[in-house]
Trainee: 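For reference, the structure I am asking about is given below.
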Amino acid sequence: MACVDSEVDLMTIPLIALNVTLRKKLALYLNPRNAVAADWMAVAEAMGFNYLEIKNHETSQSPTKTVLENWHARDSDATVGKLLSILSEVDRSDIVKDLRPFIDEDVRKYCENLRKKAEPPLQVPEVDSCFPRTPERVGITLEDDPDGAPELFDAFICYCQSDFEFVHEMIRELEQTEYKLKLCVFDRDVLPGSCVWTITSELIEKRCKRMVVVISDEYLESDACDFQTKFALSLCPGARNKRLIPVKYKSMAKPFPSILRFLTICDYTRPPTQAWFWVRLAKALSLP
């Protein structure tokens, strides 16, 4: 990624660099249906969405916000530079001109955060002379061996507390049967006393082959679930590696999260297919 002080290649900066405030400003330009200038529909078409997908986005409270989320989730080319190119392509250079200072500031902060994460932690000489080790990555789960290999899992389970009963059923069906899968359940497997976000990122990115997302109305209100889902999607744009698997186990009053609509789900709410539910899920988690 070209994130250097003197020059930044915007074609390499992922869309997540743009914060919520900037996205809201962009929506103010594109959400209103405009007979003269191109609106969000023209942008969505340029991003590769088909007619039915665009009509589906039309029902969203903020179509621009939904289009940006879905574009980032399914397309590895969803970068800041590509977005600016599309806006120019649909003759909305006015947006580029008005918002460019805010975009540049978001990109600067994003690159600054990347550089900070890349910097080695400050250590006293006594620690430097020992085997290098970061506290967040040693002894974070029950079966971790601080002097050996870290504990690895087939899948990280993303869930909210109200869905924990279903998580227990998942443990019984996938771990305690012939499938013998190893699930990472935060409340069961993670040791207390460490930074939640650091540990979660470590587990999803390096310790677990896949992530199962338990979707419910309560999931939609969970900041932790939102972070885990978006972090996992950022690791696999377009889900090329089938890394993220949504599971719906009960009926919902709220709409299914738009950011996951492009993924095939395991639906436990349909009686005719319940007999195949665990087989399909186990097979998906068992893939290399």
Trainee: More than 12 non-hydrogen atoms from neighbouring residues, nucleotides or ligands closer than 6.0 Å to CD on Glu173, yes or no?
Mentor: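 Atom CD in Glu173 is crowded, with more than 12 foreign heavy atoms closer than 6.0 Å.
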Trainee: Please tell me if the side chains of Val67 and Phe49 come closer than 4.5 Å, counting only heavy atoms from C-beta onward.
Mentor: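 A side-chain contact exists here, since the closest heavy-atom pair is under 4.5 Å.
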Trainee: I'd like to know if Lys109 pairs up with Glu112 as an ion pair, taking the criterion as any Lys NZ or Arg NE/NH1/NH2 lying under 4.0 Å from an Asp or Glu carboxylate oxygen.
Mentor: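 Result for this pair is no, no salt bridge flagged.
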Trainee: More than 12 heavy atoms of other residues, nucleotides or ligands under 6.0 Å from CG of Asp223: is that the case?
Mentor: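 For Asp223, atom CG is not crowded (no more than 12 foreign heavy atoms under 6.0 Å).
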Trainee: Determine yes or no for a side-chain-to-main-chain donor-acceptor pair under 3.5 angstrom, with Arg243 supplying the side chain and Ile204 the backbone.
Mentor: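 Indeed, once roles are kept as given, a pair shorter than 3.5 Å links the two residues.
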Trainee: Any chance the side chains of Asp163 and Tyr219 put a donor and an acceptor closer than 3.5 Å?
Mentor: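 Side-chain D/A pair, Asp163 to Tyr219: absent.
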Trainee: Under 6.0 Å from the NZ atom of Lys24, do we count more than 12 heavy atoms belonging to anything else shown?
Mentor: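 At most 12 heavy atoms, drawn from other residues, nucleotides or ligands, come within 6.0 Å of this atom.
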Trainee: Quiz question: by atom type and distance under 3.5 Å, do the side chains of Tyr29 and Asp98 form a donor-acceptor pair?
Mentor: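 Side-chain D/A pair, Tyr29 to Asp98: present.
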Trainee: Step through the shown structure and confirm whether more than 12 heavy atoms of other residues, nucleotides or ligands are within 6.0 Å of NZ on Lys65.
Mentor: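 It does not: Lys65 NZ has 12 such atoms or fewer within range.
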Trainee: Would you check if there is a donor-acceptor pair between the side chains of Asp9 and Thr12 at a distance under 3.5 Å?
Mentor: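 No, no side-chain donor-acceptor contact under 3.5 Å.
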Trainee: Find out whether Ile54 and Trp40 are in side-chain contact, i.e. whether some heavy atom of one side chain is under 4.5 Å from a heavy atom of the other.
Mentor: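 Ile54 reaches Trp40 side chain to side chain.
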Trainee: So which atom in Ala38 and which in Arg92 form the shortest heavy-atom distance, rounded to 0.1 Å?
Mentor: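 Closest pair (atom of Ala38, atom of Arg92, distance): O-NH1, 2.5 Å.
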Trainee: Take Lys250 and Glu218 through the salt bridge (Lys or Arg N to Asp or Glu O under 4.0 Å) test and state the conclusion after the steps.
Mentor: CA-CA 11 Å; Lys250 63 181 180 180; Glu218 293 77 16; 3.3 Å; yes
Trainee: So Cys208 and Asp154, do their side chains get closer than 4.5 Å, heavy atoms only?
Mentor: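 They are not in side-chain contact.
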Trainee: Determine whether Leu174 and Lys182 make a side-chain contact, defined as any pair of heavy atoms from C-beta on separated by less than 4.5 Å.
Mentor: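 They are not in side-chain contact.
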Trainee: Any side-chain heavy-atom pair from Arg207 and Ile140 closer than 4.5 angstrom?
Mentor: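 In short, these two side chains touch, coming nearer than 4.5 Å.
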Trainee: Ring of Phe102, cation from Lys25 - is the NZ or CZ under 6.0 Å from the centre and inside 45° of the axis?
Mentor: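 The answer is yes; both the distance and angle limits are met.
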Trainee: Under 4.5 Å between side-chain heavy atoms, counting indirect links through other Ile/Leu/Val/Met/Phe/Trp/Tyr residues: same cluster for Trp276 and Leu281 or not?
Mentor: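 No; tracing contacts between hydrophobic side chains, which count when under 4.5 Å, never links both residues.
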Trainee: Mind checking whether Phe256 and Leu263 sit in one hydrophobic cluster, side chains of I, L, V, M, F, W, Y counted as touching below 4.5 Å?
Mentor: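 Cluster IDs for Phe256 and Leu263 match.
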Trainee: Is any NZ, NE, NH1 or NH2 atom of the basic residue among Lys230 and Asp226 found under 4.0 Å from an Asp or Glu carboxylate oxygen of the other?
Mentor: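 So Lys230 pairs with Asp226 through a salt bridge.
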Trainee: Under a 3.5 Å distance rule, please check whether Gln274 uses its side chain to pair with a backbone N or O of Tyr268 as donor and acceptor.
Mentor: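 Yes, because the side chain of Gln274 sits within donor-acceptor range (under 3.5 Å) of the backbone of Tyr268.
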Trainee: Quick one: is the NZ or CZ of Arg210 closer than 6.0 Å to the six-membered ring centre of Phe153, and within 45° of its axis?
Mentor: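 No.
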Trainee: Answer yes or no: does atom NZ of Lys254 have more than 12 heavy-atom neighbours from other residues, nucleotides or ligands under 6.0 Å?
Mentor: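 Correct, the count exceeds 12.
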Trainee: Please check this pair: side chain of Asp39 against backbone of Leu30, looking for a donor-acceptor N/O pair closer than 3.5 Å.
Mentor: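 Pair absent, no side-chain N/O of Asp39 close to backbone of Leu30.
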Trainee: Are more than 12 heavy atoms, taken from residues, nucleotides or ligands other than Gln176, located less than 6.0 Å from that residue's CD atom?
Mentor: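 Enclosed: over 12 neighbouring heavy atoms sit under 6.0 Å from CD of Gln176.
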Trainee: I'd like to know if the side chain of Glu89 reaches the main chain of Ala46, judged simply by a donor and an acceptor atom lying under 3.5 Å from each other, with no hydrogens or angles considered.
Mentor: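 Side chain of Glu89 to backbone of Ala46, a donor-acceptor pair under 3.5 Å: no, none is there.
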Trainee: Looking only at side-chain N and O atoms, does Gln161 offer a donor or acceptor that is under 3.5 Å from a partner on Asp187?
Mentor: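 Asp187 vs Gln161: donor-acceptor pair found between side chains.
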Trainee: For side-chain contact (heavy atoms from CB on, under 4.5 Å), just list the numbers for Glu143 and Glu151, CA-CA rounded to whole Å, side-chain angles, deciding distance to a tenth of an Å, and then say yes or no.
Mentor: CA-CA 6 Å; Glu143 297 184 19; Glu151 185 178 10; 3.4 Å; yes
Trainee: Would you say Arg74's side chain and Glu69's backbone share a donor-acceptor pair under 3.5 angstrom?
Mentor: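 Not confirmed, Arg74 side chain does not pair with Glu69 backbone.
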Trainee: Without swapping roles, check the side chain of Ser88 against the backbone of Leu84 for a donor-acceptor pair under 3.5 Å.
Mentor: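 Confirmed, Ser88 side chain pairs with Leu84 backbone.
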Trainee: Walk me through it: do Arg280 and Thr264 pass the test side-chain contact (heavy atoms from CB on, under 4.5 Å)?
Mentor: CA-CA 11 Å; Arg280 293 178 65 227; Thr264 304; 4.0 Å; yes
Trainee: Taking the side chain as every heavy atom from C-beta outward, state whether Phe186 and Val196 have any atom pair closer than 4.5 Å.
Mentor: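 Side chain of Phe186 against side chain of Val196, heavy atoms only: contact under 4.5 Å found.
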Trainee: Please report the closest heavy-atom contact between Cys160 and Cys225, naming both atoms and the distance.
Mentor: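 In terms of heavy atoms, the two residues are closest at N-SG, 3.8 Å.
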Trainee: Is the closest side-chain heavy-atom distance between Thr66 and Asn70 below 4.5 Å?
Mentor: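 Yes, close enough: below the 4.5 Å cut-off.
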Trainee: Could you walk me through whether Leu87 and Leu26 pass the side-chain contact (heavy atoms from CB on, under 4.5 Å) check?
Mentor: CA-CA 11 Å; Leu87 289 172; Leu26 185 59; 4.3 Å; yes
Trainee: Is Met11 linked to Val80 within one hydrophobic cluster, defined over Ile, Leu, Val, Met, Phe, Trp and Tyr using a side-chain heavy-atom separation of less than 4.5 Å?
Mentor: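 No, separate clusters.
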Trainee: Report yes if some heavy atom in the side chain of Arg261 is under 4.5 Å from a heavy atom in the side chain of Pro255; otherwise report no.
Mentor: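 Result yes, sub-4.5 Å side-chain heavy-atom pair found.
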Trainee: Starting from the C-alpha separation in whole Å, work towards a yes-or-no answer on side-chain contact (heavy atoms from CB on, under 4.5 Å) for Tyr159 and Val213.
Mentor: CA-CA 6 Å; Tyr159 63 94; Val213 185; over 6 Å; no
Trainee: Any side-chain donor-acceptor pair under 3.5 Å between Thr64 and Asn31?
Mentor: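 Distance-only check passes for Thr64 and Asn31.
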